[in-house]
Every structure is written in structure tokens, then in C-alpha cells.
Asks: 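Provided herewith is a single structure, encoded as C-alpha cells, for subsequent inquiry.
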Amino acid sequence: MRLLLIHSDKIEYSLKDKTRYAEYLDNSSKSDSMDEALVVFVSIEKIDEKNPENVVKKAIKEIKDVCKEVGTVNVMLYPYAHLSDTLADPNFSIELLKRMETELNNLDGFNIKRAPFGWYKAFNLQCKGHPLSELSRTITPDKEEDESKEEVNSTFYILDTRGRLYDPDLFDFTNYENLKRFYIYESTGDRKTDNKTPNHILLMRREEIADYEPASDPGNMRYYPKGRLIKSLLEEYILKRALDSGAMEVETPVMYDTSHPALGEYLKRFPARRYEIDSEKKRLFLRFSACFGQFLIGKDMTISYRNLPLKMVEMTKYSFRREQRGELTGLRRLRTFTMPDMHTFCSDLDQAMEEFEKQYELSVDMLKDIGLSTKDYEVAIRFTRNFYEEDKEFIERLVSIIDKPVLVEIWDERFFYFVMKFEFNFIDKSGKATSLSTVQIDVENAERYGITYTDADGRDKSPIILHCSPSGAIERVMYSLIEKGSMMDIPILPTWLSPTQVRIIPIHKEENDFTEEVYFKLLNEGIRADIDDRDSTLSKKIREAEMEWIPYIVVIGEKERKGRMLSVNIRKDKSKEELSVEDLIRRVKEEVGSLPKKSLNLPYTLSKRAKFV
RNA sequence: GCCUCGGUGGCUCAGUUGGCAGAGCGGCUGACUCGUAAUCAGCAGGUCGGGGGUUCAAAUCCCCUCCGAGGCUCCA
């Protein structure tokens, strides 16, 4: 809806001819006028049809606010098509205008008039000409409130490793502080925090990992070289593990037609807020996961029961969710993020559960490599009551894999498109829970998308689909690692993810040759090393290397040069050791193991490095 | 989106009842040639987030707006 608001000394109009869309009027109202009035010229637009209540509400608020500002209570609503080139259907527009009129009339102390719709009119308007006397407003509807906003009836329990289900209020949370915080976080509205900026936000900037980009939309970050490196390593690792587990990598579009039948239905069941963009003929939305892309591929495939379980994966760069402004927090919650999204078509529930368990174990294992052990997150398993009664042992097995009590949520009946899901939740210092890995058993979408496989009996059947993000969003993994670091006595990243793995600090110029020799040996072994060649003191260089969380700091002075040994500060255990270059190489390589290696994407001498922050 | 709080050199922040925009770090220049968490001195650097208003005078008061943090809500 477009509004042009003119604060006038007087407005008067008279009707001339009808257009095709003229609303019916008796003869009494062929002309009208109003003194000292806010004239509101209105164009109702196509997009308003999506959520009329909401547009009316917002428009009324605007008009009310402007009236207050200019100090008038007289309002003339004046339909005016020329403010927009995407007009709504005329019948819809008349209804909407009438509604605005009614709503305004319901406000106390206002005098409302409305000019008729669909007539050629002559009008005279005397604008007051003060600074606020001419205003325009564009009102767009919020996305229609989700139809699925009804109450979900569910009950929380704690399930321990011996298969005992507890009422959380009766469970002894001693030694399970985080589980307790997670339960409180999930079950109550109690989200009290220390009101401080989260550690990872301070650190992501100080460590030159990521930063806000005010020139973009909120929740869209920029990544500096170190951040890009960490992110890229994680992406590579996570994708590789998914492929190794048998998934086929695909790539699907980031935008889709809002009016596609299957997508429209799904949008209602997954009510994430979308970014929308206009193309010539279509209104498109940016994907919030790779579900549609992979389902649409699946629909066109010819699948035999012999092919199942069948997995597709995509590292979605990007997924978009237009989260509410106040929900965005650093790397924890974004509007644009990177997420591995894997879907597995399974023949039946038995196969789905078998796969579910494998993917659960895969997730545990991946997080471990990434540097998050089972101590670092809490497990939630959620399912319908039926499901639990029929498959108790299955759920108990999941608990035993994690080997500590988990939070269980039991839904009275199936409410979502899935019958079961788990998530691993990182709990940060301020008690906030953030989901990382998750798998859902979807019993609805195969049918909706027309995905079928041919079973042994020759009949086409709908598969059950697993949705899996084995690590959760990459940015969230980074958030968790940084937050975890900030809670450690000596913050550190896993060696394979540390941008600089070895910092070499020569003390005098005389050590330059040996320093370079060490550097190139490390480089040749695929180890990310750099040299602090700046004109500064040793203490200061050590301090700065420590603040960068560098796992190995090598100091080279006269003694080392002559003995061809290295004095190495090992951050992990705060120790200092004398190592040969070969020993150092062996240690680093051992720690990195088969995890991805990438070259340092910064100049290898610190004197060449500019500051990003 | 709503509520609360905030935005001052690249960074972190001070700036009193409205009255000449400051410090530390970083950068640059020079000195120091250094052995494990900040060597010393000098110099440069600011449309006080943006727009409008009040005022003789606005970083400071008012309005609008953008951005950030926390909360509500929600999630990968």
C-alpha cells in the first residue's frame, strides 16, 4: 500500500465519470469537502492481498501517528491509483478501503470521510506547506502469520543412561548443570542473561574472524581471511564426511517461485520468514534450506527400492531466513548462513530409524573432530508418544551412545511434518541454547512433492525422508568454538582450525636464515606457519601470538640457531619444550591427522599484514 | 516486529548544568637490537552514525531514521 499524506487547509472533490470499477453510490454523495484535514491518498497494491488485516493495521497506525504529529483529527481517505504500478484487484481494494474507514471510525475523536472508489473526480486541495504537511509512506504486509501457530502439547522428561524417564523437576541435576540450564531454557520463558555482549562477538572482531557489514542487511556478515579460512576448512570437512557416509553432492537453486504448488504448501508447514525478490513475472523467495531443491530432484528421479537409502547433500551457500531484527546475534543467529543439508530417502520407518541412528553417530563423531565433545553440548530427542511406546529401546540406545542423560520432549500427537528429531545444543556461558546437529524423520513431504520409489512388489510407494544437518550451520559451529574457547582457562582452537598453527619469532637479524629455513620446512609439510619479523620486542610478540590463540609459538635466538633446536611454547598445556623441526612437524601433523589442510591466506611475514579491525 | 539500552579518531572509551572535541591502543617517524603476555619519544588522524528541529551556541536537549546489544518470540 502506498500512502501520500497531505495536511491541508481544505480538500474538496466532485465526482465526474464512472470507471469500470466504480463503486455504487446513491446521489447524495456526488461531492464532498473537509476543512483542516489530513488527506490520505491511497493506492492498494497487489502485495497487500497477502495479508490484508496486517496492512490495514499498519496503515491505521501510520495515519494515527501522522495525525498526532501534525495535530489534526480530520481524515479524508482518498483512493488514488497513481501511486503504484502494481495495483491490487479493484474489488479487493474497495473492501480494504472500507475496512480502513471502519477502523478509523472506531478510533475515538477522529472525523473520517472517504472519497468513492473508481470514479473520475475533480478535486481542490490546499496544502498547508509546513515541513510535515507532505509525507509519503509505503506499507508492505508482514508475512501472513503462520497457520501452524496452534499450541503444541508436549511434555519434557529427562531420560538417563539406564532408560529411566524422569520428571525434570524430580531429576537430580548434580553434575549435569548444563542439562539443567538447557531444560530451563527449553521449558520456560526464563531466558535471563547477564545482559552483556556475548564473548564470541567481541572475539570474532578482535581475532579478525568475522564482522558486521552495515552496508548489507542485518545478519549478513563479512569474513576476514582468518574467518574465511576456518569456515572453509569446516565446510570442506563436513561435506567430505557426508560424502563418505554415502551421500551424493548436488547443487540446487537458491530461489524458488512462491506460487509453485508443492512449495506453497511446504512454506506453511515450515514458517520461516523469507526474503522475497521480484523477477519479471514471478515472485521468488530465497531458500531457507535445501529441502525443496533436493525434493524437486527426487520427484523427477526413477528410484528403485534397491537404491534406498538414497542420500543427497548440499553445503548450502547460502540459506536465508529473514529472522526478526531482535533475534539476530553475532554468528549465533544470522539471516544468511551456510548449512550442510542432507536428505535421505528411506523405504520405511525401520530403514529410517536405522539411518537415523547412523546419522546420529555421524554427528557425534563429526562434532568431536571439530572440537566439540559430548561434554560441550546437550542432547534433545523429541518424538510423538506413539513412537516412544513402540520403540523405547531405540531411544534408549541413542542415550547410551551419548552416555549421559538427555532432554526428551514427547508430543501428544504429531504436529510437525516429522515424527521424531534430535538436536545437539551448545549451551553458552549466559545459558543460551543453540542447535547444532539435527536429524528429523519426515513422514509427510515425500507425498507432498510426489517423490516415489518402486518397491519389490512393483508398486510405487512414498519414501520416508530424513532431514539431516550433521553439524548445523557452519557459522554456529564457529560461534560454539569461539564461545567454548572463551570459557577455557587457555582459549584455543583445534590445531587443524587454527589459522596460524606455528608462529616463528626470531630474536635477532642473525637468525633470519634459520627462521626462513624452519618456515619453509613447515610450509612443505602443509603446516600453516608465519614469521613475526616486525621491529618489536620479544615479549610483545609473544603476547600478541598468545592473544591470537596460536597453538605453537617458536622462539629462535642465538642458542636455537647454533643448536638447530627450537624453543616451542605449547599453548594446549602451557608448556615449553625444546624440539627439533622434525619433532615439531610430527606433532602438528599428528594433531591434524586426516583433517583438511589449507594454506594460510595471509602474508607469511607479519610486517606485511594490514589490520582489518 | 515490539520493549530496554547504546553509537564520539582504525579499535576501546572519557567528555560535568548546552560554551575551544580528549586519552590509551593501533598507524607513521625516530631512538633502542632486545630471550618468553605491552620499550621510549614525537607526529598524523574526528561531518561526535545520518537527517531535521530548538538555541546566540548542540557530541550534549527534542523528533525522525540507520546500525548494534539485551529481552519477548523463534531457530540451523
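Here the structure is a predicted model, which means the values were calculated and not measured.
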Asks: Quick one: label A:P340 by what it contacts on the DNA or RNA (base, sugar-phosphate, nothing), any heavy atom closer than 4.0 Å.
Replies: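 Nothing: the residue A:P340, judged by heavy atoms under 4.0 Å, touches no strand.
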Asks: Nearest whole angstrom, please: distance from the P of B:rC75 to the CD1 of A:I474.
Replies: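 Rounded to whole Å, this separation is 21 Å.
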Asks: Taking N and O atoms by type only, does the side chain of A:Y185 place a donor or acceptor under 3.5 Å from a partner on the base of B:rC74?
Replies: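 Pair found.
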Asks: Considering every strand and a 4.0 Å limit on heavy-atom distances, what is the contact class for A:I505: base, sugar-phosphate, or nothing?
Replies: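 Nothing: the residue A:I505, judged by heavy atoms under 4.0 Å, touches no strand.
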Asks: Looking at residues at least two apart in the chain, or sitting in another chain, which of them share a side-chain hydrogen bond (donor to acceptor under 3.5 Å, both in side chains) with A:T329?
Replies: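 A:T329 satisfies side-chain hydrogen bond (donor to acceptor under 3.5 Å, both in side chains) with no other residue.
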Asks: Return the value, rounded to whole Å, for the distance between atom CD of A:E423 and atom C1' of B:rC74.
Replies: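 After rounding, the gap between these two atoms is 13 Å.
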Asks: When rounded to the nearest Å, what value does the distance between C1' atoms of B:rG9 and B:rU16 take?
Replies: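 Comparing C1' positions in B:rG9 and B:rU16 gives a spacing of 23 Å.
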Asks: Under 3.5 Å, which N/O atoms of the protein pair with N/O atoms of nucleotides 29-33 of chain B?
Replies:
from, atom 1, to, atom 2, distance (Å)
B:rC32, N4, A:D535, OD2, 2.8

Asks: Across all strands shown, which nucleotide pairs with B:rG46 by Watson-Crick or G-U wobble geometry, both distances under 3.5 Å?
Replies: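 Because no pair has both required distances under 3.5 Å, B:rG46 counts as unpaired.
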Asks: Paired with B:rA41 by Watson-Crick or G-U wobble geometry, both distances under 3.5 Å: which nucleotide is it?
Replies: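 Its partner is B:rU29 (Watson-Crick or G-U wobble, both distances under 3.5 Å).
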Asks: Scan A:T344, A:I465, A:V419 and name whichever one has a side chain to side chain contact (heavy atoms under 4.5 Å, CB included) with A:I441.
Replies: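 Looking at A:T344, A:I465, A:V419, the match for A:I441 under the side chain to side chain contact (heavy atoms under 4.5 Å, CB included) is A:V419.
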Asks: Expressed in whole Å, how much space separates the P atoms belonging to B:rA23 and B:rC63?
Replies: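 My reading of the P atoms in B:rA23 and B:rC63 gives 33 Å.
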Asks: Could you give the CD1-to-P distance, from A:I201 to B:rC67, as a whole number of Å?
Replies: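 Spelled out: CD1 on A:I201 to P on B:rC67 is 16 Å.
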Asks: Taking pairing as Watson-Crick or G-U wobble with both contacts under 3.5 Å, can you name the mate of B:rU36, or confirm there isn't one?
Replies: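 Its partner is none (no Watson-Crick or G-U wobble pair with both distances under 3.5 Å).
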Asks: If we take the C1' atom in both B:rG35 and B:rU29, what is their distance in whole Å?
Replies: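 About 28 Å, rounded to a whole number of Å.
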Asks: When you measure only distances, ignoring hydrogens and angles, does the side chain of A:S536 come within 3.5 Å of the base of B:rU39 through a donor and an acceptor?
Replies: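 Per atom types, no contact qualifies.
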Asks: Scan every strand shown for a Watson-Crick or G-U wobble partner of B:rU17, both distances under 3.5 Å, and answer none if you come up empty.
Replies: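 Matched B:rU17 with nothing under the 3.5 Å cut-off.
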Asks: How would you label the contact of A:A215 with the nucleic acid (heavy atoms, under 4.0 Å): base, sugar-phosphate, or nothing?
Replies: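 No contact.
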Asks: Flag yes if more than 12 heavy atoms outside A:E251 fall under 6.0 Å of its CD atom; otherwise flag no.
Replies: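 Counting neighbours around CD of A:E251, 12 or fewer heavy atoms of other residues, nucleotides or ligands fall under 6.0 Å, so no.
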Asks: With a non-hydrogen cut-off below 4.0 angstrom, is A:T329 in contact with a base, only sugar-phosphate, or nothing?
Replies: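 Sugar-phosphate only.
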Asks: When you measure from the side-chain N and O atoms of A:K432 to the phosphate of B:rG71, is any distance below 4.0 Å, counting only OP1 and OP2?
Replies: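 Affirmative; the distance criterion is met.
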Asks: Is it the case that more than 12 heavy atoms not belonging to A:K64 sit under 6.0 Å from its NZ atom?
Replies: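 Result for NZ/A:K64: open.
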Asks: Rounded to whole angstrom, note down the P distance from B:rG49 over to B:rC13.
Replies: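 That atom pair is separated by 14 Å.
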Asks: Of the residues in residues 538-559 of chain A, which ones touch RNA chain B at a heavy-atom distance under 4.0 Å?
Replies: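 A:L538, A:S539, A:K540, A:I542, A:R543, A:E546, A:M547, A:V555, A:G557, A:E558, A:K559 - these, ordered by number, are the residues of the stretch whose heavy atoms sit under 4.0 Å from the strand.
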Asks: Return the pairing partner of B:rU55 with a 3.5 Å limit on both distances, Watson-Crick or G-U wobble; otherwise return none.
Replies: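 No nucleotide pairs with B:rU55.
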Asks: Check side-chain contact (heavy atoms from CB on, under 4.5 Å) between A:K368 and all other residues, then give those that pass, not counting sequence neighbours.
Replies: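 Partners of A:K368 by the side-chain contact (heavy atoms from CB on, under 4.5 Å) criterion, ordered by chain and then number, come out as A:D365.
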Asks: Does A:S435 reach a base, just sugar-phosphate, or nothing at all? Heavy atoms under 4.0 Å.
Replies: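 If one applies the 4.0 Å heavy-atom cut-off, A:S435 turns out to touch the sugar-phosphate alone, with no base involved.
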Asks: With C1' as the reference atom in both, quote the distance from B:rC11 to B:rA57 in angstrom, rounded to an integer.
Replies: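 About 32 Å, rounded to a whole number of Å.
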Asks: Using atom CZ of A:R333 as one end and atom C1' of B:rG71 as the other, report the distance to the nearest whole Å.
Replies: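 Interatomic distance, CZ of A:R333 to C1' of B:rG71: 14 Å.
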Asks: With nearest nucleotides of RNA chain B determined for A:R332 and A:S567 from heavy-atom distances, which residue corresponds to the more 5′ nucleotide?
Replies: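 Closer to the 5' end of RNA chain B: A:S567.
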Asks: Does A:H343 have any ring pair (Phe, Tyr, Trp, His ring centres under 6.0 Å) partners at least two apart in sequence or in another chain, and if so, which?
Replies: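 Once residues adjacent in sequence are excluded, the partners of A:H343 under the ring pair (Phe, Tyr, Trp, His ring centres under 6.0 Å) criterion are A:F295, A:H467.
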Asks: Under a 3.5 Å cut-off for both contacts, is B:rC5 paired Watson-Crick or G-U wobble with anything, and if yes, with which nucleotide?
Replies: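 Pairing partner, where one exists within any strand: B:rG68.
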Asks: If you assign A:G472 and A:T537 each to the RNA chain B nucleotide with the nearest heavy atom, which residue ends up on the more 5' nucleotide?
Replies: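 Whichever sits nearer the 5' end wins; that is A:T537.
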Asks: Checking A:D513 now: which residues fulfil side-chain hydrogen bond (donor to acceptor under 3.5 Å, both in side chains) with it, not counting sequence neighbours?
Replies: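 By the side-chain hydrogen bond (donor to acceptor under 3.5 Å, both in side chains) rule, A:D513 matches no residue at all.
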Asks: Can you tell me how far P of B:rU73 sits from CZ of A:R321, to the nearest Å?
Replies: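 Distance, rounded to whole Å: 19 Å.
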Asks: Can you measure A:E560 atom CD to B:rU36 atom P for me and round it to whole angstrom units?
Replies: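 Those two atoms, CD and P, are 11 Å apart.
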Asks: Using the P atom as the reference point in each nucleotide, state the distance between B:rG18 and B:rU12 in Å, no decimals.
Replies: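 Roughly 29 Å separates the two P atoms.
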Asks: Please report, rounded to the nearest Å, how far the C1' atom of B:rA37 is from the NZ atom of A:K576.
Replies: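 Distance check: A:K576 NZ to B:rA37 C1' gives 13 Å.
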Asks: With A:R543, which residues qualify under salt bridge (Lys or Arg N to Asp or Glu O under 4.0 Å), at least two apart?
Replies: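 Scan of A:R543 (salt bridge (Lys or Arg N to Asp or Glu O under 4.0 Å), adjacent residues dropped) gives none.
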Asks: Give me the distance, rounded to whole Å, that separates B:rU17 from B:rU60 when you measure between the P atoms they each carry.
Replies: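 Between the two P atoms, the distance is 14 Å.
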Asks: Considering every strand shown, what is the Watson-Crick or G-U wobble mate of B:rC75 when both distances are under 3.5 Å?
Replies: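 Base-paired to nothing in any strand shown.
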Asks: Tell me if the aromatic rings of A:Y318 and A:Y275 count as close, with their centers under 6.0 Å from one another.
Replies: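 Judged by ring-centre distance (under 6.0 Å), A:Y318 and A:Y275 do not meet the cut-off.
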Asks: If you look at every strand shown and take non-hydrogen atoms under 4.0 Å, does A:E510 touch a base, only sugar-phosphate, or nothing?
Replies: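 If one applies the 4.0 Å heavy-atom cut-off, A:E510 turns out to touch nothing in the nucleic acid.
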Asks: Can you sort out the partners of A:A380 under side-chain contact (heavy atoms from CB on, under 4.5 Å), two or more places apart, ordered by chain and number?
Replies: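 Only A:F182, A:R382, A:E423, A:N425 meet the side-chain contact (heavy atoms from CB on, under 4.5 Å) criterion with A:A380.
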Asks: For A:P225, enumerate each residue passing the side-chain contact (heavy atoms from CB on, under 4.5 Å) test, keeping only those at least two apart in sequence or located in another chain.
Replies: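 A:N601, A:L602, A:F612.
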Asks: Using 0.5 Å steps for rounding, measure from the CD1 atom of A:I570 to the CG atom of A:L579.
Replies: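 Between atom CD1 of A:I570 and atom CG of A:L579 there are 5.5 Å.
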Asks: Could you pull out the protein-nucleic contacts involving nucleotides 3-13 of chain B (nitrogen or oxygen on both sides, under 3.5 Å)?
Replies:
from, atom 1, to, atom 2, distance (Å)
B:rU12, OP1, A:R205, NH1, 3.2

Asks: With P as the reference atom in both, quote the distance from B:rG50 to B:rG24 in angstrom, rounded to an integer.
Replies: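 Taking atom P in both B:rG50 and B:rG24, they lie 25 Å apart.
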Asks: Respond yes when some side-chain nitrogen or oxygen of A:S469 is under 4.0 Å from OP1 or OP2 of B:rA76, and no when none is.
Replies: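 Indeed not, no polar side-chain atom of A:S469 lies that close.
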Asks: Before giving the answer on side-chain hydrogen bond (donor to acceptor under 3.5 Å, both in side chains), spell out for A:T258 and A:E276 the whole-Å C-alpha distance, their side-chain angles and the decisive distance to 0.1 Å.
Replies: CA-CA 9 Å; A:T258 41; A:E276 294 198 352; 5.6 Å; no
Asks: Can you sort out the partners of A:K559 under salt bridge (Lys or Arg N to Asp or Glu O under 4.0 Å), two or more places apart, ordered by chain and number?
Replies: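 A:K559 satisfies salt bridge (Lys or Arg N to Asp or Glu O under 4.0 Å) with no residue once adjacent residues are dropped.
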Asks: Only counting residues at least two apart or in another chain, list the ones meeting side-chain contact (heavy atoms from CB on, under 4.5 Å) with A:K541.
Replies: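 With sequence neighbours excluded, A:K541 shows a side-chain contact (heavy atoms from CB on, under 4.5 Å) to A:I505, A:D532, A:S536, given in chain and number order.
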Asks: Return the value, rounded to whole Å, for the distance between atom CE of A:M221 and atom P of B:rA76.
Replies: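 That distance rounds to 19 Å.
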